[in-house]
Amino acid sequence: MSIIESLKWRYATKKFDPNKVLTSDKLHTLKQAFNLTATSFGLQTISLLVVKDKVLRNQLLEAAYNQRQIVDASHLLVICVKKTIKDDDVDDLFDNVSQLRKTPESILEPYRNNLKSIMENMSLEEQREWSIKQAYIAIGNLMTVCAVERIDSCPMEGFDRAKFDEILKLDEKHLTSTLLLPVGYRAEDDMFSGFKKVRKELKHSIIEM
């Protein structure tokens, strides 16, 4: 099936079949897709938390305003961002470049120092906002990959982030939750699966010059 047909097939799944679980191969594909998502400077200040444990997900239910998708889906993906971006994060990136591409430090050093300067000149709030933008790129990428792989998903930003962070102990990882993506397979009686997709006509959403 073409990518366009896959995107037409996709919808924000309201009701998952709790008895259907992603294979390890499908889950690995999503993990790789997340890791391969484009990020600014390639810095990857985002992380993906994969929650399979249903007991833990039930603990999160109230903080997700009782949206059953997070429990009934095969897995709950939580996209998180770093609370702060430090010199070590920049060094990790360029050390990785050096190791994988065998790029001499004499070439990397000015780029390394420049990126450190950019991050240092951001306030914590600006750093967080910058990382959140990367998180939205990642969820878009994951949703497309899900559609191609015939995995149902439901992007969610309506949840109590502070409660999620507390329950998932994200502070210990210096992370904060940003977006949720339950993934799995739609229930046969999810009425929304049969609805026609409502979008503007191309002439009203595309501007050509």
Side-chain angles (χ1 to χ4, degrees), residues 1-16 22 25-48 67 69 73 75-82 85 89-90 93-94 96-97 100-101 103 107 110-111 114-115 117-119 121-123 125-159 161 176-186 190-209:
M1 189 171 287
S2 72
I3 184 67
I4 297 303
E5 288 304 312
S6 293
L7 292 174
K8 288 180 178 178
W9 173 87
R10 187 211 69 79
Y11 75 108
T13 304
K14 305 301 181 187
K15 188 176 182 181
F16 286 88
L22 295 182
D25 285 345
K26 290 285 189 184
L27 191 59
H28 188 59
T29 294
L30 296 185
K31 292 175 184 178
Q32 288 191 89
F34 176 83
N35 198 48
L36 289 167
T37 296
T39 59
S40 187
F41 298 107
L43 194 53
Q44 290 183 278
T45 57
I46 56 177
S47 296
L48 184 67
Q67 297 176 87
Q69 294 99 313
H75 293 74
L76 172 63
L77 307 184
V78 184
I79 301 178
C80 308
V81 302
K82 283 183 174 290
I85 303 170
D89 299 310
V90 177
L93 167 63
F94 284 99
N96 206 19
V97 172
L100 293 174
R101 297 180 177 173
T103 308
I107 294 176
Y111 296 100
N114 181 59
L115 187 50
S117 177
I118 290 172
M119 293 300 120
N121 287 327
M122 287 185 185
S123 66
E125 183 178 344
E126 288 171 334
Q127 284 186 357
R128 188 85 55 88
E129 187 61 31
W130 182 79
S131 292
I132 287 171
K133 291 176 181 177
Q134 319 305 310
Y136 276 91
I137 295 172
I139 200 170
N141 187 42
L142 282 172
M143 289 164 61
T144 300
V145 172
C146 280
V148 171
E149 292 290 323
R150 283 297 185 271
I151 298 169
D152 286 300
S153 66
C154 183
M156 300 166 65
E157 56 181 356
F159 64 100
R161 288 163 178 77
T176 183
S177 54
T178 301
L179 295 165
L180 306 180
L181 189 68
V183 293
Y185 299 100
R186 64 190 68 177
D190 185 358
M191 59 183 287
F192 292 92
S193 67
F195 286 4
K196 288 187 175 181
K197 193 172 289 293
V198 179
R199 293 293 187 275
K200 293 180 179 180
E201 293 182 40
L202 284 181
K203 64 183 179 181
H204 297 309
S205 63
I206 309 297
I207 300 171
E208 298 190 45
M209 296 183 176

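Scope of the values below: all heavy atoms of this structure, side chains included, with no hydrogens, waters or symmetry mates.
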(message) Does Phe192 form a side-chain contact (heavy atoms from CB on, under 4.5 Å) with Arg186? I'd like the steps, not just the answer.
(response) CA-CA 10 Å; Phe192 292 92; Arg186 64 190 68 177; over 6 Å; no
(message) Please evaluate residues Asn35 and Lys31 with respect to the criterion side-chain contact (heavy atoms from CB on, under 4.5 Å), reporting the C-alpha separation (whole Å), side-chain torsions for both, the decisive distance (0.1 Å), and the verdict.
(response) CA-CA 6 Å; Asn35 198 48; Lys31 292 175 184 178; over 6 Å; no
(message) For a side-chain contact (heavy atoms from CB on, under 4.5 Å) check, start with the C-alpha distance between Ile118 and Phe41, then their side-chain angles and the critical distance, and finish with the verdict.
(response) CA-CA 11 Å; Ile118 290 172; Phe41 298 107; 3.9 Å; yes
(request) Kindly indicate, with the supporting measurements, whether the criterion side-chain hydrogen bond (donor to acceptor under 3.5 Å, both in side chains) is fulfilled by Asp89 and Gln44. (result) CA-CA 9 Å; Asp89 299 310; Gln44 290 183 278; over 6 Å; no
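The heavy-atom pair separating Ala138 from Phe34 by the smallest distance is CB-CE1, 3.8 Å. Annotation for Ser177 and Phe159: closest pair OG-CE1, 3.5 Å, computed over non-hydrogen atoms. Smallest separation of non-hydrogen atoms from Met119 and Gln127: O-NE2, 3.0 Å. Closest of all the heavy-atom pairs between Ile139 and Pro155 is CD1-CB, 3.9 Å. Looking at every heavy atom in both residues, Phe16 comes nearest to Pro182 through CZ-O, 3.6 Å. Contact record, Ser6 with Val148: OG-CA, 4.0 Å, taken as the closest heavy-atom pair.
Under the 4.5 Å side-chain criterion, counting only non-hydrogen atoms from C-beta, Leu77 is in contact with Val183. Ile4 places none of its side-chain heavy atoms less than 4.5 Å from the side chain of Trp9. Put simply, the side chain of Leu181 does not reach to within 4.5 Å of the side chain of Leu30, judged on heavy atoms. In this structure, the side chains of Phe94 and Thr103 stay at 4.5 Å or more apart for every pair of heavy atoms. Met156 is not listed as a side-chain neighbour of Leu179, based on a closest heavy-atom distance of 4.5 Å or more. Counting heavy atoms from C-beta outward, Tyr11 and Phe195 have side chains that stay 4.5 Å or more apart.
Note: Ser40 OG to Leu115 CG = 8.0 Å, rounded to the nearest 0.5 Å. A distance of 9.0 Å separates CD in Glu208 from CG in Leu202, rounded to the nearest 0.5 Å. The structure places CZ of Arg10 at 13.0 Å from OG of Ser193, a figure rounded to the nearest 0.5 Å. Taking CE from Met143 and SG from Cys154, the interatomic distance works out to 8.5 Å, rounded to the nearest 0.5 Å. Note that SG of Cys146 and CG of Leu7 are 11.5 Å apart. Values are rounded to the nearest 0.5 Å. The CD1 atom of Ile151 sits 11.0 Å away from atom OG1 of Thr13, with the distance rounded to the nearest 0.5 Å.
Residues satisfying the salt bridge (Lys or Arg N to Asp or Glu O under 4.0 Å) test with Lys203, not counting sequence neighbours, are Glu201. For Thr29, the side-chain hydrogen bond (donor to acceptor under 3.5 Å, both in side chains) criterion is met by no residue, not counting sequence neighbours.
Heavy atoms of other residues, nucleotides or ligands lying less than 6.0 angstrom from CD of Glu5 number more than 12. In the displayed structure, Lys200 atom NZ is contacted under 6.0 Å by at most 12 heavy atoms of other residues, nucleotides or ligands. By the neighbour-count criterion of 12 heavy atoms within 6.0 Å, atom OH of Tyr185 is densely surrounded, having more than that number from other residues, nucleotides or ligands.
With hydrogens and angles disregarded, no donor-acceptor distance shorter than 3.5 Å links the side chain of Asn141 to the backbone of Ile137. Panel note: side chain Ser123, backbone Glu126; a donor-acceptor pair is recorded below 3.5 Å. For Lys8 (side chain) and Lys197 (main-chain N/O), no donor-acceptor pair under 3.5 Å exists by modelled atom type. Checked by atom type and distance alone, the side chain of Arg161 pairs as donor or acceptor with a backbone atom of Thr178 at under 3.5 Å.
Using a 4.0 Å cut-off between charged nitrogen and carboxylate oxygen, Lys14 and Asp190 do not count as a salt-bridge pair.
Applying the side-chain hydrogen bond (donor to acceptor under 3.5 Å, both in side chains) definition to pairs two or more places apart or across chains, those involving residues 128-137 are Thr45-Ser131, Tyr136-Glu157.
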